Amino acid sequence: MSDKKPQENSRNATEIKREVKLNGAPEPASSMQLPKAYDPSLIEQRWAEHWTRERLFDVATPATNSHNSPGRPTGGQREAEKGSASSFTMLLPPPNVTGRLHMGHMLNQTEMDILARWHRMRGETSLWVPGTDHAGIATQMMVERQLAEQGTSRKALGREAFEQRVWQWKEQYGSAITDQMRRLGASVDWSREYFTMDSRLSVAVKEAFIRLWEQGLIYRGAYIVNWDPVQQTAVSDLEVTHEERAARLYHVRYPFADGTGSIVIATTRPETMLGDVAVAVNPSDERYRDAVGKLIALPLSAVSGGPARTIPILADDWASPEFGTGAVKVTPAHDPNDFAIGQRHSLPSLLIMDETAHIHLPGSPYHGLDRFAAREKIVADLEAAGLLVEIRDHKHAIALSQRSGAVIEPRLSMQWFLAVNKKPQAPGGPFIERSEMSGGERNSIARNAIDAVAQGHIKFTPEMYSKTYMEWMNNIHDWCISRQLWWGHRIPAWLCPDGHITVARTTPTECSTCGTTNIQQSSDVLDTWFSSGLLPFTVFGWDGSNALTPDLAAFYPTSLLVTGFDILFFWVARMIMLGCHFMLDVPMPDGAPRTLADAVPFKGVYIHALVRDANREKMSKTKGNVIDPIEIITRYGTDAVRFTLASMASPGTDIAFSEARTEGYRAFANKIWNAARFIFMNIERARAANIEVTLPSATTLGAPSKLRLGGKEERLSAPSIERSEMSGEQKNLDDDNPIPTPSDPIESRWIVARLSETAAAANAALAAYRFDEAASLIYQFFWGDLCDWYLEIVKLRLVFDITPEAFPTSEDSERALASTTTALATLVTVFDAALRLLSPFMPFLTEEIWHALYSQAPPAKSIALTRFPQAADFPADKSALREMSLLQELIVAIRALRKELGVPEKESAPIRLHAGPELTLHLEFHQEILDRLARVSEVHISDAPLTGANSRSTAAFDVAVIFEKKIDVAAERERLTKELAKLDKQIAANEARLADTSFTGKAPAHIVDGLRKQTADLVTLRDKTRLALDNLPRE
RNA sequence: GGGCGGUUAGCUCAGUUGGUUAGAGCGCCUGCCUUACAAGCAGGAUGUCGGGGGUUCGAGUCCCUCACUGCCCACCA
């Protein structure tokens, strides 16, 4: 027995006191006077800092020979078990270092955190590695904007100084997004935080490039790329978005050079005509049969007053007779299709624009004009020359740079490519046809990436994304990996004036081909996705050698990648390509060669939905409908927002984020807070009355080896239940009453059984990434079962006033004491388990309450280091479930009747009950419950069915409330009539089906039997209803 | 031009391999300040599951078709 004073008991009380004081509120005297409403702002920040400071979620690199570490220390550093199946590893999709947290991040991180915490609480080594991405273009843009404000520019600074500025920027602001992550409660291992430009990772990136080069998988070549004239860099196909816009199709007359006629071409981009080198028509096009071979004097092409350029008309299949005039101008340097035509016909490529998309034609009147200004002027000049035939409206998709929004200018330039096809590569060789970049047999890097998914080594959830992935992989082009930026991993290649390439690990002094010392490093950097595509192994120490580092041995392949479909191709596909490629060369921990199954960067990919606004609109800055998670968190609390996202995260559909929903879950948090207050209040009362409170002591995780048995070895979490069960059995044996007496109160047996059911379902849901299901199960259990029913009933058992006056005999008082003690133990045990169930979803609130519960000595440093409830931890008492559900049905019926009859809320009333033994058997033990929950003063058992207007019937019982008030006969008649019609209809339908021999013959027996039983019940109910209707007094 | 989703209560969404009376939250109506919680408690109303056709003993669930809607991919000037 404890004789501690209530004031000393609750650390929760003192902690909150301090917080409340800081916030200027009056200091509460005890936990009973804790704020009635839950205020997340008082606790969340504190726990977020605590978790980080205590390094609770760090996972140490396993020592080379440490298997079998004896259990995990209760918190802080743990060692991963080498090669153990019980480890769960995830990589955080690195947010851009320039980024601010948005709802997409929050959804992503909530889901990952729930999984990380769940696995951790199941006794697995749960490692979640955070980091940030240097985000080449985004970051460079950000800093350039800053420079512009300061009146300078990247070019004025020079490359080296600029890079330094970006680093400065990163040092200053780079942690903004990770600081925001901490507020979300992400249980990541901060000791492993990386930045993609860290020197460790940079070395690996360089090595990866060099190896791919040596393997002939990277080549440099001239090709039309998507050129962003604002950023002045090439961008990949994926970084281009298309937008349908109203445009114009210009029909322009090109006169023949010999003056014998002309041909009319159609173009949407007249300004590029200055770069035309031919006009193409389809060889089968009768209209132009005679024109093929003629020369054209290209209008407006005169430079410095010279003559116009002449260009040929040629036949090429690409020209479609149906489109425009059937004649197309050919501008190889500014259009990928034209480029291909140029290749086929050995035409030159005339680059007529500079990097900023201004016309570059010295001597031409258009020189120096922006491309759109040039278009206007050219159209005007054509018109003046009488060469503009017509202008048609034309809808077409224009290409925009995703990053800068600039209209993409296809532009011929030298770039570096990662090959996906088996074809001879000539480094620095001539032009590459687009068809060569996509067609043909796949090389190993693409083949492996396809096989990894096709063979099931990587599983997508939802599964349909594997199809999307396959579709894309089967159609990709070579990947342009070079960017003309200054911020990023610089390509380790040097060029000599003759165009020879020297790829080297350290700065070379001469060209490896011709020996000249006149060499210069390529100014290009690598696509950001190239480096992030390597992360799954570079974060674990891969350095380009094929050495198996301890981290790789322990954590590769990672278990799961959680991400949005928007980066499926950008990142997921690239990780698969690069992971499979490089890791195949790294041996397994046992020295065996690695197969594709273990080379993959992750075993599973969970693709989540997009978070939209309440009106299902995509959030965008321009629309101004962006919901800032931090702002929402501030208003509702992180836990409530997390729970909202989890409960709405059903696979396959986007999330329309609704604040109404969040309000609901804030209420849920408040509900739990108040349930906790109720429990603390009773613990204090108990201690004041010198009644011992048994806190669950075994909720922490035991040795991992033990846990892997699946929790069947013992009931870790419910010691008091076990005890009471034993005593119950004895009681049953001793009892000479032939009717079995429930040894424990029904509510105890029931809530524990429900806990078992809920744990089973929640674990299954999480295993299937059904966050919504798991959340709803836990919500239902906590609020519906625990708070609405169990807590209300258990109040009956919590008797603290055990005085001689109240309990005259010592037998009575002992029984009361025992009942209170047992009830408290169950209450606390169940509540503790419920908190643990909820903990992955609402880590802050549960942490706070859990610590308060174990005021003196929490069994672990954090609830996050305790065990997630498993079904086997609790007896699944089926009979208790049935018994309780009948009782609940009865209570609900009585409540409804009372309401109908207008019984004042506070007034007790007697009932009459006609029921089978299933319900009446234990009824004497339930009288108190009936009184408390349905204000039943007395129960009269009736042998005859009850059909009065004050009665209600179910298949299992009739119940009548005895109350002298006239009922609304008309309303009752209406209700019963409606009910009768419904029942009749249902019975008729059922009977028809049962009469159908094809149904009874073909349907499985349990379905037919079930339907029979249901029909019988319905008939009973129908008869009762009809009787009740007949018995209604006539008006 | 290809491909993939979605359409279930006023709103936001669940609904497992077809199987007994389609669910939840919010909102709505009625009554309650019942000493954990009014961010609460209790009771209640609300659905020809987008339209049509088919398969089946049985369809919200499978197939076909139409409509509306969203997304991804794509070199048509």
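The figures here come from the full heavy-atom set of this structure, side chains too, leaving out hydrogens, waters and symmetry mates. Order of the sequence lines sets the chain letters (A, B, ...), proteins ahead of strands, with each chain counted from 1. For clarity, every value in this text was computed on a predicted model and none was experimentally measured.
Across all strands, A:P904 comes closer than 4.0 Å to no nucleic acid atom at all (heavy-atom distances). Here A:A896 lies in heavy-atom contact (under 4.0 Å) with sugar-phosphate atoms only. Among the protein residues, A:E773 comes within range of no part of the nucleic acid, since none of its heavy atoms lies under 4.0 Å from any strand. Here A:A280 lies out of heavy-atom contact (under 4.0 Å) with every strand. Note on A:V892: only backbone sugar-phosphate atoms sit closer than 4.0 angstrom, heavy atoms only; bases stay farther off. Here A:N990 lies in heavy-atom contact (under 4.0 Å) with sugar-phosphate atoms only. No engagement by A:G784 is indicated, since no non-hydrogen atom pair under 4.0 Å with the nucleic acid exists. Within the nucleic acid shown, A:R895 comes within 4.0 Å of sugar-phosphate atoms alone, with no base atom in reach, counting heavy atoms only. Across all strands shown, A:I679 has no heavy atoms under 4.0 Å from either base or sugar-phosphate atoms.
Geometric assessment of A:R666 against the ring of A:Y636 yields a negative cation-pi assignment under the 6.0 Å and 45° thresholds.
Where pairing requires Watson-Crick or G-U contacts shorter than 3.5 Å, the helical stems of RNA chain B with at least three consecutive pairs are B:1-7 with B:67-73, B:10-13 with B:23-26, B:28-32 with B:40-44, B:50-54 with B:62-66.
In terms of the side chain to side chain donor-acceptor pair (under 3.5 Å) criterion, residue partners of A:S320 (sequence neighbours excluded) are, by chain and number, A:E322. Residues that satisfy the salt bridge (Lys or Arg N to Asp or Glu O under 4.0 Å) test with A:E928, not counting sequence neighbours, are A:R797. For A:R248, the side chain to side chain donor-acceptor pair (under 3.5 Å) test picks out no residue, with sequence neighbours left out. Listed by chain and residue number, A:E792 satisfy the salt bridge (Lys or Arg N to Asp or Glu O under 4.0 Å) test with A:K795 (two or more places apart in sequence, or in another chain). For A:D1017, the salt bridge (Lys or Arg N to Asp or Glu O under 4.0 Å) partners two or more places apart in sequence, or in a different chain, are A:K1013. Not counting sequence neighbours, A:R895 has no partner by the side chain to side chain donor-acceptor pair (under 3.5 Å) test. A search for side chain to side chain donor-acceptor pair (under 3.5 Å) contacts involving A:D317 returns nothing, not counting sequence neighbours. Annotation: ring-ring contact (aromatic ring centres under 6.0 Å, His included) contacts of A:F323 (sequence neighbours excluded): A:H394.
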Tabulate atom names and distances for all N/O pairs under 3.5 angstrom spanning the protein and nucleotides 30-33 of chain B.
unit_1 : atom_1 : unit_2 : atom_2 : d
B:U30  : O2     : A:K899 : NZ     : 3.1

Contacts under 3.5 Å, N or O only, protein and nucleotides 23-28 of chain B:
none

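Looking at which nucleotide of RNA chain B each of A:R993 and A:H242 is closest to, the 5′-most match is held by A:R993.
Rounded to an integer number of Å, the gap from CG of A:D996 to C1' of B:U20 is 16 Å. The CH2-C1' distance, from A:W472 to B:C73, rounds to 11 Å in whole Å.
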Side-chain donor/acceptor pairs under 3.5 Å, residues 775-788 of chain A, sequence neighbours excluded:
unit_1 : atom_1 : unit_2 : atom_2 : d
A:D785 : OD2    : A:R754 : NE     : 2.6
A:D785 : OD2    : A:R754 : NH2    : 2.8

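Closest contact between the side chain of A:K671 and the listed nucleotides B:C72, B:G40, B:C75 involves B:G40.
The residues A:D996 and A:R993 are annotated as not salt-bridged, no charged nitrogen and carboxylate oxygen being separated by less than 4.0 angstrom.
With hydrogens and angles ignored, no donor-acceptor pair under 3.5 angstrom links the side chain of A:E322 to the base of B:A77.
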